[in-house]
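What follows is a set of notes on a single structure, which appears directly below.
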Amino acid sequence: MTTLSTTLAGIHLPLCLMNASGAWSGTREELRELAASGTGAVVLKTATTQARVEEVKGCGIENPGQPYYLALLPELQAMGKPIIGSIAGFNAAEYAALAQAYAQVGVQLVELNLSGPVVPCNRGGTCDLTAVDEVVQAVRRAVQVPLAVKLPVLPDEAVSRAMELLRRRHIEVFVCNTPQVAAFAQALDAAIDIIAVGGVSTGKDAQAALTRGAKAVQIGSALMKEGPGVFIRLQQELSAARTAQ
């Protein structure tokens, strides 16, 4: 039988596919439906310390604030899927506080969303890896929970520096734009688990990302278009793609 489960930072996922943060994960109703679906994990919508809408409009991190998601966690955890808490702060101290809050209630993995244009590392229009390092250090000092770092697409000349940063700070998981998976996977040599995100809408797409070195794949646009039932289709297509190899 084809195995489609995976592990990230030692955490077992029954399926190597999950939602991308922000996709079908903003409200209680969406999250309950997501947790009851075939997804391998539930990635909460990226949360800030308080509700943010107008000041982050168009950035993908409009949200009701972390307290909203903290209140939902007991209900979601009872549904049995691993929970990944995605966070975005406006400075390193906010990232650390957000991570602590999720760690204290048993979230298995915390995703540091460092890809948005309003977060510290991207305010100049490009990814400032010095600012990324400051955030990662602050969070690493604050919590023991495994961390996932999500960065924007990086220019070729920044890839090696980003990989060195991830290794030096003992990051367990890297959320990587799908086109750059192969470059990171080859250099990291399985030292850090990779989640591919972006441009995956079929099982064949997912298999291609996994073949290049990802251990899991996040689904965004296809999930928003089809709803959580997309995971059944993708699971069937991925199983067929693996069997055909």
Side-chain angles (χ1 to χ4, degrees), residues 1-8 11-47 58-64 69 72-73 75-86 107-109 111 113 115-116 148 150 152-153 173-181 193-245:
M1 180 180 292
T2 302
T3 300
L4 301 181
S5 63
T6 192
T7 59
L8 294 171
I11 302 161
H12 174 75
L13 276 64
L15 179 67
C16 58
L17 307 173
M18 70 189 81
N19 67 299
S21 174
W24 219 276
S25 59
T27 67
R28 175 179 180 269
E29 292 73 21
E30 288 177 340
L31 286 164
R32 280 184 53 82
E33 190 175 1
L34 185 65
S37 77
T39 185
V42 173
V43 185
L44 304 176
K45 183 172 177 58
T46 298
C59 296
I61 58 172
E62 302 92 334
N63 73 99
Y69 297 111
L72 295 179
L73 274 171
E75 184 177 6
L76 296 174
Q77 289 167 328
M79 298 179 76
K81 294 288 175 67
I83 306 293
I84 300 174
S86 181
V107 165
Q108 289 101 319
L109 181 67
E111 177 189 273
N113 187 342
S115 66
K150 182 178 183 179
V153 175
V173 179
F174 177 44
V175 183
C176 180
N177 286 274
T178 303
Q180 294 192 311
V181 165
D193 294 335
I194 294 176
I195 301 175
V197 62
V200 174
S201 60
T202 68
K204 185 177 179 180
D205 294 337
Q207 179 59 22
L210 295 166
T211 300
R212 294 187 190 110
K215 290 194 70 178
V217 178
Q218 291 186 346
I219 309 300
S221 297
L223 171 57
M224 294 303 294
K225 182 179 179 180
E226 299 178 40
V230 72
F231 291 107
I232 299 300
R233 173 178 68 79
L234 291 174
Q235 182 176 3
Q236 292 171 344
E237 292 177 356
L238 179 55
S239 180
R242 289 196 171 182
T243 301
Q245 284 189 333

Atom [atom1] in [X], atom [atom2] in [Y]: separation rounded to 0.5 Å?
X      : Y      : atom1 : atom2 : result
Lys204 : Leu238 : NZ    : CG    : 13.0 Å
Leu17  : Ile232 : CG    : CD1   : 10.5 Å
Ile84  : Leu109 : CD1   : CG    : 5.0 Å
Leu210 : Cys16  : CG    : SG    : 5.0 Å
Ile195 : Cys176 : CD1   : SG    : 10.5 Å
Met79  : Glu75  : CE    : CD    : 7.5 Å

So which atom in [X] and which in [Y] form the shortest heavy-atom distance, rounded to 0.1 Å?
X      : Y      : answer
Asn19  : Thr39  : N-OG1, 3.7 Å
Thr6   : Lys215 : OG1-O, 2.9 Å
Pro82  : Ile11  : CB-CG2, 4.2 Å
Val200 : Ala206 : CG1-N, 3.7 Å
Gly22  : Met224 : O-SD, 4.4 Å
Asp193 : Leu8   : OD2-CA, 3.4 Å

Side-chain touch [X]/[Y], heavy atoms, less than 4.5 angstrom:
X      : Y      : answer
Tyr69  : Leu76  : no
Val217 : Leu234 : no
Arg32  : Arg28  : yes

Among Ser25, Ser115, Ser86, whose side chain to side chain donor-acceptor pair (under 3.5 Å) with Thr46 holds? Ser86
